[in-house]
> 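Right, I'll just put the structure down here and ask away after.
Computed from a predicted model, the values in this text were never measured in an experiment. Ligands are counted one by one from 1 in listed order, and the atoms in each one are counted from 1 as well. These numbers come from the heavy atoms of this one structure, side chains and all, not from hydrogens, waters or symmetry mates.
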Amino acid sequence: MNKLSIAILASGNGSNAENLIRHFQEHPNIKVVLIGSNKANAGVHQRALKMEVPSVTFSKDLFNSPAVLQLLNAEKFDLMVLAGFLWKIPALILAAFPNRIINIHPALLPKYGGKGMYGTHIHQLVLANKEVVTGITIHLVNEIYDQGKVLFQVRCEVYENDTVDSLANRVHQLEYQYFPKIVEEYILSL
Ligand code: GAR
């Protein structure tokens, strides 16, 4: 049987992307086949190189044109996973992968979701608003930012003396713990 395959899109550091690659490295039925990014100098490319997974960069024009499906070799993978990817997914990619795009969001959606809500901006707001809990949401991607069907959420506490870094770190730990498992369960259910 051919392995089920995953393409990951990431805009930044790529620690979740690396964690996913590691998780599936020895998996009998699933593998990560490609990393795509909108930034040529994103840390995720170094991680892809280290983990021996090919990576590509696309411009906004390319990402929004039908050619992106060729660039990503879209017919060759089963699931697209967004791991810190900041651009909106265009309709033509959504149409090519109905219910086959998963995103991770570092907050408890619907709170702190929508355009411009990413990474440390979210943690700053959570602290400014004196929230006592936050967490992660793993969800399907649809045409509206952060509003696709929720697959999984888990909470963590926010402490009075938290900084953006300490909170980001706690949330990242949850992401590392749960994201690969949820992706695995989902792709196996397709
Ligand atoms: C992660 O915390 C992820 O949840 C978040 O970006 C971070 C990427 O970290 N995604 C969003 O904010 C999406 N709106 P990483 O590059 O180290 O994996």
> Any donor-acceptor pair under 3.5 Å linking the side chain of T137 with the backbone of L109?
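Pair found, side chain donor or acceptor close to backbone of L109.
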> Are F77 and F97 close enough that their ring centers fall under 6.0 Å?
yes
> Does any donor atom in the side chain of Y176 or S15 lie under 3.5 Å from an acceptor atom in the other side chain?
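Their side chains do contain a donor-acceptor pair, which is all the 3.5 Å distance test asks for.
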> How about Y112 and N129: does a side-chain donor come under 3.5 Å of a side-chain acceptor?
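Indeed, the side chains of Y112 and N129 share at least one donor-acceptor pair under 3.5 Å.
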> For ligand 1, give me the residues whose heavy-atom distance to it is below 4.0 Å, by chain and number please.
N13, G14, S15, N16, G84, I104, H105, P106, M117, Y118, G119, H172, E175
> For T163 and H123, does a side-chain donor sit closer than 3.5 Å to a side-chain acceptor?
no
> What do the steps show when you test H105 against M117 for side chain to side chain contact (heavy atoms under 4.5 Å, CB included), and what is the final call?
CA-CA 9 Å; H105 190 80; M117 286 290 191; 4.3 Å; yes
